[in-house]
Amino acid sequence: MSSIIHTLQNTVARAVEKLYGEATEPSKVQVNNTPPDFTGDYSVVVFPFVKIAKKAPDATAVEIGEYLKKNVAEVKSFNVVKGFLNLEISDAYWQQFLQSVAADSGFGRQPRNGRKVMVEFSSPNTNKPLHLGHIRNILLGWSCSRILEAIGYEVVKTQIINDRGVAICKSMLSWQKWGAGKTPENTGIKPDHFVGDWYVLFEQKTKAEYEEWQQTEEAKRIFETKKKPNQGEKEFFKEYKNKWFNDHSTLGAEVREMLLKWEAHAPDTLALWKKMNGWVYEGFEQTYNDLGVSFDKLYYESDTYLLGKDIVEEGLSKGVFFKKDDGSVWVDLTDAGHDQKLVLRSDGTSVYITQDLGTAQMRHRELGCERYVYVVADEQNYHFQVLFEILKRLGEPYAEGLHHLSYGLVELPTGRMKTREGTVVDADDLIAEVIRLANEQASERGEIEGVSPAERQENLRRVGMGALKFFIVKVHPHKKMIFNPEESVDLQGQTGPYIQYSYVRINGLMQRVEKEKVDLSKAGAYGDIQPQEKELLVALHDYPNVVLKAAEGYDPSLVANFCYDLAKKYHRFWHDLSIFNADTVEAKAFRLTLSRSVGQVLKSGMGLLGVEMPERM
RNA sequence: GGUCCCGUAGCUCAACGGAUAGAGCAACUGCCUUCUAAGCAGUAGGUUACAGGUUCGAGCCCUGUCGGGAUCACCA
C-alpha cells in the first residue's frame with residue numbers, strides 16, 4: 001500500500017493548482033507529524049502557498065483542508081491552528097496499515113535495485129590489537145552496510161589490512177630479538193595481543209636507547225648546535241626523536257634493514273612476517289566474531305602498496321598531472337580550493353595517495369560497483385577530498401559515487417586516548433567488560449525461570465553487546481564522541497537494553513499467543529484506537545522513511561534514535577493499556593497484532609545497527 | 001595563517017527551515033496482589049557560544065566574532 005504521506009502531498013499539490021492556479025512539486029509539500037498537544041496525526045505546512053493564494057494562512061489552510069477532506073477518503077477531519085493544517089486520519093487507514101505491516105516481515109526494506117556498493121571499514125594495522133576507535137569505525141561500517149542493503153543495494157564489505165611497513169617490522173624485530181621461543185600458544189596470550197606486546201616492548205627499548213644516547217658527547221654536541229634559541233634539552237630531544245631514530249639509533253637501523261629485506265622478499269623475513277601476521281589475523285578474527293561482523297573481500301596493503309604508477313602515466317598523458325624539473329609528478333588543485341599535491345616522488349616511488357588512486361581503480365575493475373564508501377576517521381578529510389577530486393579529473397566512471405564516511409574521534413572523559421599513557425581502551429577488554437556487567441546486573445535481579453544456562457549466557461551476551469553498540473552508534477558520525485565506560489554499560493534509560501527489554505516484553509506476549517493459540521483475526525474489528533496505540537502506528541509508519549534517510553545521509557544514528565523512540569512509546573503503551581487482559585477480544589487481538597509489529601520493526605531496526613535481540617532478560 | 005568539522009539542560013545526546021527546543025543520566029517525588037519495575041508518571045534544570053542578516057517562521061541557512069578539534073609532508 002502506498003504511504004498516506006504521498007497521497008497527502010499529491011493531493012495538496014493538486015489542491016493548490018486547482019484552487020490557486022499554480023503548479024507545485026508534490027515532494028516539496030511538507031507533511032509533518034502533529035505535535036502531541038494538537039489534535040491530528042499529520043500536519044500540512046501551508047505557509048509556502050499563502051503567497052500564491054493571496055489569502056491569510058488560516059483561510060488558505062481551511063481551503064486546502066476542505067479539499068483534502070473531500071478528495072482523500074483517509075482524511076477523517078481537519079483543524080487549523082495558527083496556519084497549521086492538522087489532519088486526522090481515519091481508523092480504517094490505520095487498521096489497514098497495521099494488517100499490511102503484520103503480513104510483511106520485510107517491512108521497511110526495499111526490493112533489490114540491482115545496484116552495487118562497496119563499503120570499506122576497519123582497515124587495521126597488524127602490529128597491535130583493535131581498540132575503541134576501531135569499534136566505532138567497525139560499527140559504522142557494518143550498520144551502513146546493513147542499511148544500504150535494506151534499501152536495495154548489493155553490498156560488498158571490505159577492509160584493507162595494513163600488513164606491511166615499519167610498524168609490523170618493529171614487532172617482528174622485537175620478537176626475533178627478545179622472544180626466546182615464546183608463542184601465543186605457549187604463553188596463552190591472545191595472538192594479536194601477543195604481537196602487540198612485542199611492539200610495545202620495542203618502543204620501550206627504543207626509548208631506553210634514546211635516553212642513553214642523550215648522555216653521549218655526540219648528543220650534547222647536536223643539542224648545542226641545533227637547538228632553537230631558549231630551547232631546553234628536554235624539549236629539543238622530544239622534537240629530535242624521529243631524526244635520531246633514522247640517523248643514530250641501532251634499533252632504528254635494524255628495523256630499516258628488516259624493511260629492506262622484506263621489500264627484497266628475503267625468505268626468512270617473509271616467513272617471520274607471515275607467521276606474525278597470521279597470529280594477528282587469528283586474534284582479529286575472534287574480535288570480529290565477538291562484534292558480529294564479517295567481510296566479503298579482503299585487501300592487503302602488501303598487495304596494493306605498489307599500485308598507482310600507471311595511473312600517474314595516465315594522468316600525465318591526460319594533462320591532469322604535470323611534471324616538475326626534478327621529475328616529481330604533481331596535480332594542481334588550486335582551482336578547487338586545494339593545494340598542489342604530489343602524486344609521485346622525484347625518485348619515482350609512490351606516496352600514500354598514489355596507492356589509493358591505484359587501489360580505487362583496481363577495485364573498480366574487480367567489483368564494478370556504482371558507489372564506494374570509505375569509513376575513515378575525520379583526520380583524513382583532506383586526503384579524501386583530494387583523492388576524490390583527482391579521480392573525478394581522471395574521468396573515472398565511478399567518481400560521482402565516491403563517499404568518505406567521516407567520523408569523529410572517540411575520547412574518554414579524561415581526554416584523548418594516548419598510547420604512551422596507556423589510556424587506549426582495548427576492544428577485547430571492553431567487550432569482556434560489558435558482558436561481565438550484564439551478568440552482574442542480571443544476577444542482582446535474580447533468575448528467570450525456564451532458561452538454560454547456555455541460553456542465559458547468550459541472552460546476556462546480547463544485552464552487554466547491545467549496550468555497547470547502541471551507546472556508540474546513537475551518536476551522529478560527524479561528532480566526536482565522549483565515551484564514558486560507565487555509562488556505556490548502563491542498562492537503563494536511553495540504551496540498547498531499554499530497547500531490547502521492550503522487545504522481550506513483546507516476545508513474552510507472543511509466546512503466550514502461541515501457547516494459548518490466541519485468535520488474532522478480530523483485530524480489524526477494533527474500533528476505538530487509543531492515543532498510545534496511535535503514536536505507535538504513526539512511528540511504525542515512519543520506519544521505511546527513516547531507513548531511507550539513514551542511507552542517504554550515511555547516518556545510522558537516525559535508526560538508533562528511531563528505535564529508542566519506538567521502544568519508549570511501546571513501554572508507555574504497555575504501562576497504560578491492558579494487552580492480554582484487554583476488555584474485548586477485538587482490543588486484545590489488535591493490541592497483540594500491534595505488539596507483534598512493533599517487535600518485528602524493533603528487531604529489524606536494531607539489526608541494521610548490528611544489535612541482536614535477546615529472547616528473555 | 002588557509003581550509004574543514006564541532007559548540008543545545010550540570011553531564012551524554014536528539015530535534016526533513018515549522019507550532020511551547022526534546023530524551024536519558026545525575027537530584028528529588030510517586031507507582032509492583034494484575035501481561036517481566038532493565039518499566040511508567042511527575043518536579044526541577046535553556047538567552048541553543050556571541051553579534052548581525054535572510055523570511056511568514058532560524059538551534060538549523062548567510063556574514064563576522066569567540067571557544068574546541070582536525071588538517072595543510074617527496075609520512076602512512
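Numbered from 1 within each chain, the chains take letters A, B, ... in sequence-line order.
Within the 4.0 angstrom heavy-atom criterion, base atoms lie near A:L577. In this structure, A:R416 reaches the sugar-phosphate backbone alone: every heavy-atom distance under 4.0 Å involves primed, P, OP1 or OP2 atoms, never a base. Residue A:N86 is in base contact, counting any heavy-atom pair closer than 4.0 Å across all strands shown. Backbone-only engagement by A:I482 is indicated by non-hydrogen atom pairs under 4.0 Å involving sugar-phosphate atoms exclusively. Residue A:D37 is in base contact, counting any heavy-atom pair closer than 4.0 Å across all strands shown. Here A:V50 lies out of heavy-atom contact (under 4.0 Å) with every strand. Base engagement by A:P48 is indicated by at least one non-hydrogen atom pair under 4.0 Å involving a base atom. Contact annotation for A:D378: backbone-only contact, meaning every heavy-atom pair under 4.0 Å involves sugar-phosphate atoms and none involves a base. When heavy atoms are screened at a 4.0 angstrom cut-off, A:V166 is found touching no nucleic acid atom at all.
At least one side-chain heavy atom of A:K323 sits under 4.5 Å from a side-chain heavy atom of A:V329.
Comparing the same atom, C1', in B:A23 and in B:C35 gives a spacing of 27 Å after rounding to whole Å. If you take atom C1' in B:U48 and the same atom in B:U71, they sit 28 Å apart, rounded to whole Å.
The aromatic ring of A:Y498 does not sit over the base of B:G39; the criterion of centres under 5.5 Å apart with planes under 30° is not met. The aromatic ring of A:F38 sits over the base of B:A19, with ring centres less than 5.5 Å apart and planes tilted by under 30°. With centroids closer than 5.5 Å and planes inclined by less than 30 degrees as the test, A:F47 and the base of B:G18 pass as a stacked pair.
Here B:G18 is the nucleotide among B:A38, B:C16, B:G18 with the atom lying nearest to any side-chain atom of A:F84. Of the candidates B:A70, B:A41, B:C74, the closest approach to any side-chain atom of A:D326 belongs to B:C74. Of all nucleotides listed (B:C13, B:C56, B:C16), B:C13 comes nearest to the side chain of A:V475. Checking B:C35, B:C75, B:C40 against the side-chain heavy atoms of A:F580 singles out B:C35 as nearest. Out of B:A14, B:G39, B:A38, the shortest distance to the side chain of A:R445 is found at B:A38. Of the candidate nucleotides B:A38, B:A19, B:C4, B:A19 has the atom nearest to the side chain of A:S43. Among the nucleotides B:A38, B:G7, B:C4, the one closest to the side chain of A:K479 is B:G7. Of the listed nucleotides (B:C11, B:U71, B:U8), B:U71 has the atom at the smallest distance from the side chain of A:Y382. Looking at the side chain of A:K568, the nearest of the listed nucleotides B:A41, B:A19, B:G17 is B:A41. Taking the side chain of A:N581 as heavy atoms from C-beta on, and the options B:C11, B:A38, B:U34, the nearest nucleotide is B:U34.
Base pairing of B:G57: no nucleotide in any strand meets the Watson-Crick or G-U wobble criterion (both distances under 3.5 Å).
Between A:N561 and A:H338, the residue anchored closer to the 5' end of RNA chain B is A:H338, taking for each the nucleotide with the nearest heavy atom. Each of A:Y564 and A:A567 was assigned the nucleotide of RNA chain B with the nearest heavy atom; the assignment lying further toward the 5' end belongs to A:Y564.
A donor-acceptor contact under 3.5 angstrom links the side-chain atoms of A:Q30 to the base of B:C16. Judged by distance alone with a 3.5 Å cut-off, no donor-acceptor contact links the side chain of A:D576 to the base of B:C40. Under 3.5 Å, the side chain of A:S557 and the base of B:A14 form no donor-acceptor pair of N or O atoms. A donor-acceptor contact under 3.5 Å is formed by the side chain of A:S346 with the base of B:C74.
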Can you give each donor-acceptor pair under 3.5 Å made by side-chain atoms of residues 506-513 of chain A, sequence neighbours left out, with the distance rounded to 0.1 Å?
residue, atom, partner, partner atom, Å
A:N507, ND2, A:E615, O, 2.8
A:N507, ND2, A:E615, OE1, 3.1
A:R512, NE, A:E516, OE2, 2.8

Listed pairs under 3.5 Å, donor-acceptor, residues 463-480 of chain A side chains, sequence neighbours left out:
residue, atom, partner, partner atom, Å
A:K469, NZ, A:L291, O, 2.8
A:K469, NZ, A:G610, O, 2.6
A:H476, ND1, A:H478, N, 3.1

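For the residue pair A:N137 and A:S122, no side-chain donor N or O sits within less than 3.5 Å of a side-chain acceptor on the partner. Using a 3.5 Å distance cut-off with no hydrogens or angles, the side chains of A:S350 and A:Y305 do not pair a donor with an acceptor. No side-chain N or O of A:E120 forms a donor-acceptor pair with one of A:Y299 less than 3.5 Å apart.
Taking the six-membered ring for Trp, A:Y374 and A:F388 have ring centres closer than 6.0 Å.
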